[in-house]
Amino acid sequence: MTPIILQVRNLKKYFPVRANLFSREQKVVHAVDDISFNVTKGRTLGIVGESGCGKSTTARLIANLMPADSGAIIFNGEGVGEIGGLELKSFRKKLQMVFQDSFASLNPRLTISETISYGPMVHDTSKEDAHLQAHDLLAKVGLDPDLFASRYPHELSGGQRQRVNIARALAFNPEVVILDEAVAALDKSVQAQVLNLLQDLKAEFELTYLFISHDLHVVHYISDDVMVMYLGQIVEMGPVEQVYSEAAHPYTRALLSAVPSMDPAHRTQKSPITGDPPNPIHPPSGCRFHDRCEHARAICASLVPALMPVQSSHVVACHMNHPSSGYETSGSDVQYASAGATR
Ligand code: SF4
């Protein structure tokens, strides 16, 4: 059986917001709300969902770039930080992150070679070894070290800079790389090249990826598994082919049906999701999707659906898919969705 490399347990992050300048009332945005999942070694887990669903916050919490309110990260069976035996310094070498903004991620005053070798030198690699490794990694990401090592970030294109960011992440010999919208800012042709590069590097360095994107085509191409988030929670997760062909959650189906088709015979005739996105400060009761779901019943507003299997490793949080949930298949729909109500 393939081992689990990363376990996320009951991760939670609420961001405090003040109602207005003169108010003492403390409100919170439920950015990530008690999520748990596993990442299998050597696989790519795609994380999708609308803007604000919590996918990037989840990535930052896993990478320890911000503290979680509660929850645990377990890496190769060891708890990370205060809850276990794996120190943050060691964990940060094993898990690296590549961000969307390739320019902001690079120090404009360092050459490309200095950028890639900086991290290993901080972690006690000699300057000479670190520079040799940087040249080697530049070649691995498709940039000729003789041409690029002494250049500065502003002398590179967006695609080239993102290759440098990938090389810099690999300089730590990580086991997991989180790619947060890493190809979103690139032209389609460059995007395809970087995606192919990521696939090659994954095989060569035996990496595991968490691939965060709003682009469902890209996630389908690169992922083995997919996790769908809505308003800070996981609503569906499973092997990518199965979820894309047999999506069980109405939100996943709506997302997939909103993907533009190249075929004029398959134009989307009506909006796949009705209603406005709910306020994350006051998320809807029960199923958070109930005020936009055309299948909502009374139980959906009162009972939080648990993530339960529909097929072996394919899980979904929707009462409709679980006969014992009390969901009435013959009842009349609660008309939240058609009213377009926000709560
Ligand atoms: Fe729709 Fe109810 Fe399923 Fe939520 S639990 S997605 S409201 S059917």
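Both counts, for ligands and for their atoms, begin at 1 and track the order of listing. The shown structure was predicted, so the numbers you read here are calculated from the model rather than taken from an experiment.
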**Student:** Would you check if Tyr327 and His295 make a side-chain contact, meaning some heavy-atom pair closer than 4.5 Å?
**Tutor:**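 Yes, at least one pair of side-chain atoms sits under 4.5 Å.
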**Student:** May I ask you to decide if Ala182's main-chain N or O and Gln162's side chain share a donor-acceptor pair within less than 3.5 Å?
**Tutor:**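 Present.
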**Student:** Does Arg9 reach the side chain of Ile74, with side-chain heavy atoms less than 4.5 Å apart?
**Tutor:**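 Touching, per the 4.5 Å side-chain cut-off.
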**Student:** Kindly indicate whether the side chain of Cys293, heavy atoms from C-beta on, has any atom under 4.5 Å from the side chain of Tyr251.
**Tutor:**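 No, every pair of side-chain atoms sits at 4.5 Å or beyond.
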**Student:** Look only at the side chain of Arg161 and the backbone of Leu156, and say whether a donor-acceptor pair between them is shorter than 3.5 Å.
**Tutor:**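 It does hold such a pair.
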**Student:** Please give me the protein atoms (N, O or S only) lying under 2.8 Å from atom 4 (Fe) of ligand 1, ordered by chain and number.
**Tutor:**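 Sorted hits: Cys287 SG.
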**Student:** Tell me if a side-chain donor or acceptor on His319 pairs with a main-chain N or O of Leu303 at a distance below 3.5 Å.
**Tutor:**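 Judged by distance alone, yes, a pair lies under 3.5 Å.
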